[in-house]
Q: 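Input: one structure, supplied below.
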Amino acid sequence: MRIVVLVSGAGSNLQAVIDSVSSGALQVEIAAVGADRPGTGGVQRSADAGIDTFVVNFADYPNRADWNTALTQAVAFYQPDYVVSSGFMRIVGEEFLDSFPNRYLNTHPALLPSFPGAHGVRDALAYGVKVTGCTVMIADAGVDTGPILAQQAVEVLDDDTEDSLHERIKVLERRLLIETLASLAERADHATR
Ligand code: GRF
């Protein structure tokens, strides 16, 4: 199973995927890692690991549609079975979703449908929930609205800050993403036998 991973940030979740692939625990091929802006830690980590990288810089395009077309082409070049958003902080358009139907995975640091959007951890903390968590889903055209594949709960502690809570969530988010990819890879393997 070939995957392309999209990142916008530090890429610590991506690093966990890279490590699982290198150790043989996760049987997928990371065909490439792409970002929506230059200088991300995620692209740097991938280049260090010898993985192909690309940047489709949102700021370089006159409008979202043109950027979306360029992103779709850059990803399609690698012919992935799945595209994984690992902290990719952009909504992709129809052209992208139609090119990878039901094959665009996303993770979110909250228990959807609660607290969608860019500040899932902050919003959960501000609301005062006692339990939050993480979600792996198939992304669709909405903001964190696609079908849910897996979820894990995380307790909110009295002295949690956004950072401390996010770090604990990310430990489980990584595990959940890797487990989900492993089960999709196993299914793909069975289907080709
Ligand atoms: C994850 O919690 C992701 O769900 C959120 O940002 C975090 C990604 O962090 N949108 P990193 O780039 O993998 O370190």
Side-chain angles (χ1 to χ4, degrees), residues 1-9 11 13-14 16-18 20-21 26-37 40 42-43 46 51-58 60-61 63-118 120 134-152 173-193:
M1 187 172 97
R2 285 164 65 80
I3 62 171
V4 168
V5 183
L6 299 178
V7 293
S8 295
N13 288 0
L14 163 68
V17 176
I18 293 173
S20 298
V21 171
L26 176 61
Q27 312 255 324
V28 308
E29 181 193 344
I30 306 174
V33 171
D36 60 330
R37 55 197 170 92
T40 58
V43 160
S46 312
I51 298 167
D52 266 19
T53 64
F54 60 87
V55 175
V56 184
N57 187 4
F58 191 79
D60 287 348
Y61 292 84
N63 54 57
R64 182 174 283 277
D66 287 0
W67 171 78
N68 194 65
T69 299
L71 180 72
T72 305
Q73 288 169 354
V75 174
F77 174 79
Y78 289 98
Q79 302 190 308
D81 296 304
Y82 284 91
V83 186
V84 180
S85 159
S86 184
F88 189 59
M89 304 303 278
R90 299 265 177 209
I91 301 294
V92 295
E94 236 170 72
E95 184 182 0
F96 184 96
L97 293 167
D98 289 350
S99 300
F100 312 104
N102 291 320
R103 292 184 166 250
Y104 182 40
L105 300 184
N106 193 9
T107 70
H108 182 70
L111 289 177
L112 294 171
S114 293
F115 311 115
C134 51
T135 303
V136 177
M137 72 276 194
I138 304 273
D140 64 11
V143 177
D144 299 325
T145 48
I148 291 170
L149 298 180
Q151 288 187 307
Q152 189 91 52
E173 196 179 355
R174 286 169 199 142
R175 200 185 303 159
L176 209 58
L177 174 60
I178 289 164
E179 283 170 8
T180 304
L181 287 171
S183 74
L184 290 171
E186 205 172 303
R187 234 180 283 169
D189 190 38
H190 278 287
T192 54
R193 270 189 218 161

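Hydrogens, waters and symmetry mates play no part in the numbers below; they use all other heavy atoms, side chains included. Counting from 1, the numbers follow the sequence of the chain as shown.
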Q: Please report the closest heavy-atom contact between Ser46 and Gly42, naming both atoms and the distance.
A: OG-O, 2.7 Å
Q: Identify, with sequence neighbours excluded, every residue that meets side chain to side chain contact (heavy atoms under 4.5 Å, CB included) alongside Glu95.
A: Asn68, Thr69, Thr72
Q: Go through the side-chain N and O atoms of Ser86 and Asn13 and say whether any donor and acceptor fall under 3.5 Å apart.
A: no
Q: At what distance, to the nearest 0.5 angstrom, does CG of Leu112 lie from CG of Asp144?
A: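 One finds 5.0 Å between CG of Leu112 and CG of Asp144.
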Q: Within the structure provided, determine whether Asp36 and Leu71 are in side-chain contact (heavy-atom separation under 4.5 Å).
A: no
Q: Answer yes or no: is there a side-chain heavy-atom contact under 4.5 Å between Ile91 and Arg64?
A: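 Yes, close enough: below the 4.5 Å cut-off.
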Q: Should the pair Trp67 and Phe88 be assigned to parallel (<30°), tilted (30 to 60°) or perpendicular (>60°) ring geometry?
A: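 Rings of Trp67 and Phe88: parallel, under 30°.
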Q: Is there a side-chain contact between Ile18 and Ile51 in this structure, where contact means two heavy atoms from C-beta onward sitting under 4.5 Å apart?
A: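 Touching, per the 4.5 Å side-chain cut-off.
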Q: Does some side-chain heavy atom of His108 sit less than 4.5 Å from a side-chain heavy atom of Cys134?
A: no
Q: Atom CG of Leu105 and atom CG of Leu181: how far apart are they, to the nearest 0.5 Å?
A: 6.0 Å
Q: Give, for atom OH of Tyr104 and atom CG of Asp98, the distance between the pair rounded to the nearest 0.5 Å.
A: 14.0 Å
Q: Is the closest side-chain heavy-atom distance between Asp52 and Val33 below 4.5 Å?
A: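 When only atoms from C-beta onward are counted, Val33 and Asp52 do not touch, as no gap falls below 4.5 Å.
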Q: Given side chain to side chain contact (heavy atoms under 4.5 Å, CB included), test Val92 with Leu97 step by step and report yes or no.
A: CA-CA 7 Å; Val92 295; Leu97 293 167; 3.9 Å; yes
Q: What distance separates Asp140 CG from Glu94 CD, expressed to the nearest 0.5 Å?
A: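 Taking CG in Asp140 and CD in Glu94, the distance rounds to 11.0 Å.
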Q: For the residue pair Tyr78 and Phe54, does the interplanar ring angle fall in the parallel (under 30°), tilted (30 to 60°) or perpendicular (over 60°) class?
A: parallel
Q: Working to the nearest 0.5 Å, report the span between CD1 of Ile30 and CE of Met1.
A: 10.5 Å
Q: May I ask you to test the Phe77-Val4 pair for a side-chain heavy-atom distance under 4.5 Å?
A: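 Phe77 vs Val4: side chains apart.
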Q: Might you work through the side chain to side chain contact (heavy atoms under 4.5 Å, CB included) test for Phe96 and Leu6, ending with a clear yes or no?
A: CA-CA 13 Å; Phe96 184 96; Leu6 299 178; 4.0 Å; yes
Q: Determine the minimum heavy-atom distance between Pro147 and Met137, stating which atoms define it.
A: O-CB, 3.1 Å
Q: Within a strict 4.5 Å, meaning less than it, do heavy atoms of the Val84 and Val17 side chains meet?
A: no
Q: Kindly give the heavy-atom pair with the smallest separation between Ala74 and Val56, and that separation in Å.
A: CB-CG2, 3.8 Å
Q: Can you name the closest pair of heavy atoms from Ala110 and Gly120 and give their distance?
A: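 Looking at all heavy atoms of both residues, the shortest contact is CB-O, 4.2 Å.
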Q: Tell me whether Asp81 is salt-bridged to Arg2, with the criterion being a basic N under 4.0 Å from an acidic carboxylate O.
A: no
Q: Taking only residues two or more places apart in sequence or in another chain, which ones pass side chain to side chain contact (heavy atoms under 4.5 Å, CB included) with Asn102?
A: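 For Asn102 the side chain to side chain contact (heavy atoms under 4.5 Å, CB included) partners, ignoring immediate neighbours, are Ile138.
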Q: Measuring from atom CZ of Arg103 to atom CG of Leu184, what distance do you get when rounded to the nearest 0.5 angstrom?
A: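 Arg103 atom CZ to Leu184 atom CG measures 9.0 Å (nearest 0.5 Å).
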